[in-house]
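Residue numbers start from 1 in every chain, and the chains themselves are labelled A, B, ... in the order their sequence lines are given, proteins ahead of strands.
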Amino acid sequence: MTKSFYLTTAIDYVNGQPHLGHAYEKVVSDVIARARRSLGQEVFFLTGLDEHGQKVQQAAQSEGKSPQAYCDALALDWRTFATELQLSNQDFVRTSDPRHKSVVQAILTKLNNEGHFYRSKYRGFYSTRQETFLTEKDRRPDGSFDSIYGEVTELVEENYYFKLRDHQQWLIDYIEHNPDFIAPSYRRNEVLGFLKNNDLEDLCITRPAARLSWGIPLPFDPEYVTYVWFDALANYISVPAAYGDPALRAALPDLKLNEPTGDQRLALWPADLHVIGKDILKFHAVYWPIMLKAIGLSLPKQILVHGWWQKDGEKISKSTGNIIDPLAVIKDWGLDAFRYYVTRELAIGPDGNWTDAGFASRYTAELANGIGNLLNRSLAMLRSYRNKTVPARHDELAHEASKTVEAVRKQLLEPDLQGALQTLFSLITHANQYIDQTAPFKLAKDPAQAQRLDEILYNLMEVCRILAVLIWPFLPSTAEKIFAQLGLLKSPSDFNLAVWGGLPSGHVTNDPAPLFPRRDTLPSPA
RNA sequence: GCCAGAGUAGCUCAGGGGUAGAGCAGAGGACUCAUAAGCCUUUGGUCGCAGGUUCAAUUCCUGCCUCUGGCACCA
């Protein structure tokens, strides 16, 4: 059993409908997953939902539903969302899954037995709305609390805590010795700055069941449910454990979950990549590694931190109506146009700025006039001049194409998705220049130039074929369409197909049809 | 306030001790296979401000100004 490339997204809190930020993270992750598969790796891509907590409990109550029924309904929307984005995830985890609960309880039992937890009283001001205790730092000069906290009450509570204090130094060392552990590097610097300038405080990992019943009960104290950390973060290992991952089974020998047999067993841990938003960096780069070390597991290879989207230079906000509805955009422009814009517009890391004009501009200039038109004009010429039949192989653009292929391969592995798209589009530009320089439409009028015309047409068709393979991780449907128009029966999902000379002489293509029809309207307001 | 980082063409950004670069936008042109697409040419800049080091600074140093991110929740 060889270990798969294991890739996760953050699991989203099931409190409302998916928006652009969720869609972005999922698409980026999916492109990486598809790229790795295309390059020949076995990939396990996991996404899912975080369902426990007070907000869900309250929302369910106000709708007169059980929390589980409430989550079931929303989970349907989120699964549909994943489908609409054409995510290629292998599994979809929900923290209310029985398999997840079993793993969480096994972890808690083990860490409790090994003395990682202690019980302690805490008196403080509690904000129900924010589900958090407030400190003196949260107070305003007049002693009151900001209205974002809602009603604040003072209460005394006994809870369980996870000892973090002893873990600070090894974690600093680990991050310093593993420069790729947190990417981009400025996020790594932030974490190191935090770890070096603050003393870690122990982590409160429970809530009294009396106050919060919608959670996973502590196996050693039914008066409590576990809270956030050992619930949500644990999804990354609960699913591998359910698939019988050897590393996890070894770390959690008392796990009460049937082990799958034969082909269903998977080796996934350690994760190769956690894709997360910058808001949850600390949890993933500080708490999570410490939890894993305590459990006795190795750390994920990389935490890749993406930025947030703005719209028209302003913060996206439901209350001001400054929002993007990804599903509306997809309905209007097509999924691949959406996937293209969010991966092309910004690198993974910095914040991005969504503008409808920018979206329309990339659609027209790059998708319609770029890749769409290149395929269209190339196929149209082959149809007019050679009755759709591919001439003998000729290698005039082979060098340029293979240079592009190798550069894209590197960028996909990094992963530099924006860079890969830029590289790939340089081949489109090159092919368009080639058409102008060689003017096949002039040669077609002179029978004496038939040989030269054959050569040019072959080069164009072959570039289009290779482009489809390169673009497949980003725009799977478009890549399939290109192959279909080229009359190819295979799927463009294998990077090995991006080798020059794949089109056999005599092969007959199909008719051209615009991949991205030009349009003159802006996307409808979300 | 503290810690990073950034200020370069209308916009987004790359670069880097010695005549300033790309893409998009703008202007002009030749062509016609194509989704009136594509191609070629081209106008734009005291490289944030002030000092310093140097034969030479946009680049290195110092100070200042402005902005962004992090330090508290949120994809």
Value in whole Å for how far the P atom of G38(B) lies from CG of N432(A) | 8 Å

Report the base-pairing partner of A27(B) (Watson-Crick or G-U wobble, both distances below 3.5 angstrom), or none.
-> U41(B)

What is the ring orientation for F162(A) with H167(A), classed by angle as parallel under 30°, tilted 30 to 60°, or perpendicular over 60°?
-> tilted

Distance, C1' atom - from U12(B) to A25(B), rounded to whole angstrom | 11 Å

Shortest side-chain distance from R187(A), nucleotide among C33(B), G70(B), A75(B) = G70(B)

Describe the nucleic acid contact of L515(A) in one word from base, sugar-phosphate, nothing, applying a heavy-atom distance below 4.0 Å.
-> base

Classify the nucleic acid contact of G372(A) as base, sugar-phosphate or nothing, counting any heavy atom under 4.0 Å across all strands shown.
-> base

When T9(A), L7(A), L87(A) are each screened for side chain to side chain contact (heavy atoms under 4.5 Å, CB included) with D30(A), the one that passes is L87(A)

Between E455(A) and Q451(A): side-chain donor-acceptor atoms closer than 3.5 Å = yes

Evaluate the side-chain proximity of I371(A) to E366(A): yes if any heavy-atom separation is below 4.5 Å, no if none is.
-> no

Remember a base hit wins even if backbone is also touched, and classify F425(A) as base, sugar-phosphate or nothing at under 4.0 Å, heavy atoms.
-> nothing

Using the C1' atoms only, state how far C49(B) lies from U8(B), rounded to an integer number of Å.
-> 15 Å

Does G69(B) have Y186(A) stacked on its base, where the ring centres are within less than 5.5 Å and the planes differ by under 30°?
-> no

Applying the 3.5 Å cut-off to both distances, the Watson-Crick or G-U partner of U59(B) turns out to be none

What nucleotide among C74(B), A37(B), G69(B) has an atom nearest to a side-chain atom of D351(A)?
-> G69(B)

d(CG, N373(A); C1', A34(B)) in whole Å | 5 Å

For atom C1', what is the distance between C61(B) and C24(B), given to the nearest Å?
-> 36 Å

How is Y385(A) classified with respect to the nucleic acid when contacts are heavy atoms under 4.0 Å: base, sugar-phosphate, or nothing?
-> sugar-phosphate

Tell which nucleotide pairs with G17(B), taking only Watson-Crick or G-U wobble pairs whose two distances are both under 3.5 angstrom.
-> none

Selected nucleotide, minimal atom distance to N376(A) side chain, candidates A75(B), C31(B), A34(B) | A34(B)

Would you call R393(A) and E462(A) a salt bridge, using N to O less than 4.0 angstrom?
-> no

Pick base, sugar-phosphate or nothing for P517(A), based on heavy-atom distances below 4.0 Å to the nucleic acid.
-> base

Closest listed nucleotide, where the reference is the side chain of P514(A) and the choices are G70(B), A75(B), U35(B) | U35(B)

Would you say a side-chain N or O of R518(A) is under 4.0 Å from OP1 or OP2 of A37(B)?
-> yes

With P as the reference atom in both, quote the distance from C60(B) to G7(B) in angstrom, rounded to an integer.
-> 11 Å

For RNA chain B, whose closest nucleotide is more 5', that of G21(A) or that of E345(A)?
-> E345(A)

Q310(A) atom CD is separated from A75(B) atom C1', nearest whole Å, by 14 Å

Who pairs with A6(B) - Watson-Crick or G-U, where each distance is under 3.5 Å | U66(B)

Presence of salt bridge, D511(A) and K388(A), under 4.0 angstrom | yes

Taking atom types as modelled and ignoring hydrogens, do the side chains of Q86(A) and S477(A) form a donor-acceptor contact shorter than 3.5 angstrom?
-> yes

Taking syn as within 90° of 0 and anti otherwise, name the glycosidic form of G44(B).
-> syn

Find the partner of G1(B): check Watson-Crick (N1-N3 plus N6-O4 or O6-N4) and G-U wobble (N1-O2, O6-N3) distances, both under 3.5 Å, and reply none if neither fits.
-> C71(B)

Would you say U35(B) has OP1 or OP2 under 4.0 Å from some side-chain N or O of N369(A)?
-> no

Send over the distance from L382(A) CG to C33(B) P, rounded to a whole Å.
-> 16 Å

Inter-nucleotide C1' distance (G69(B), G26(B)), Å rounded | 34 Å

Report the distance from atom CG of N189(A) to atom C1' of G5(B), rounded to the nearest whole Å.
-> 10 Å

Looking at F425(A) versus Y340(A), is the centre-to-centre ring distance below 6.0 Å?
-> yes

Regarding the side chain of T429(A), the nearest nucleotide among C33(B), A75(B), C39(B) is C39(B)

To the nearest Å, how far apart are M381(A) CE and G38(B) C1'?
-> 10 Å

Which nucleotide, U35(B), C33(B), A75(B), lies nearest any side-chain atom of K445(A)?
-> C33(B)

When T364(A) and K278(A) are each assigned the nearest nucleotide of RNA chain B, the 5'-most assignment goes to T364(A)

For C39(B) and G23(B), measure between their P atoms and round to the nearest Å.
-> 11 Å

If we take the P atom in both C11(B) and C47(B), what is their distance in whole Å?
-> 16 Å

Establish, with yes or no, whether the OP1 or OP2 oxygen of C40(B) is under 4.0 angstrom from a side-chain nitrogen or oxygen of Q433(A).
-> yes

Do V275(A) and V305(A) have side chains that get closer than 4.5 Å, going by heavy atoms?
-> no

Using atom C1' of each nucleotide, how far apart are U62(B) and A57(B) to the nearest Å?
-> 14 Å

Does a distance-only test, which skips hydrogens and angles, find a donor-acceptor pair under 3.5 Å between the side chain of D436(A) and the base of G38(B)?
-> yes

Can you tell me how far P of G70(B) sits from CD1 of I276(A), to the nearest Å?
-> 13 Å

Remember a base hit wins even if backbone is also touched, and classify A368(A) as base, sugar-phosphate or nothing at under 4.0 Å, heavy atoms.
-> base

Mind calculating the distance between CD1 (I182(A)) and C1' (A4(B)) to the nearest angstrom?
-> 15 Å

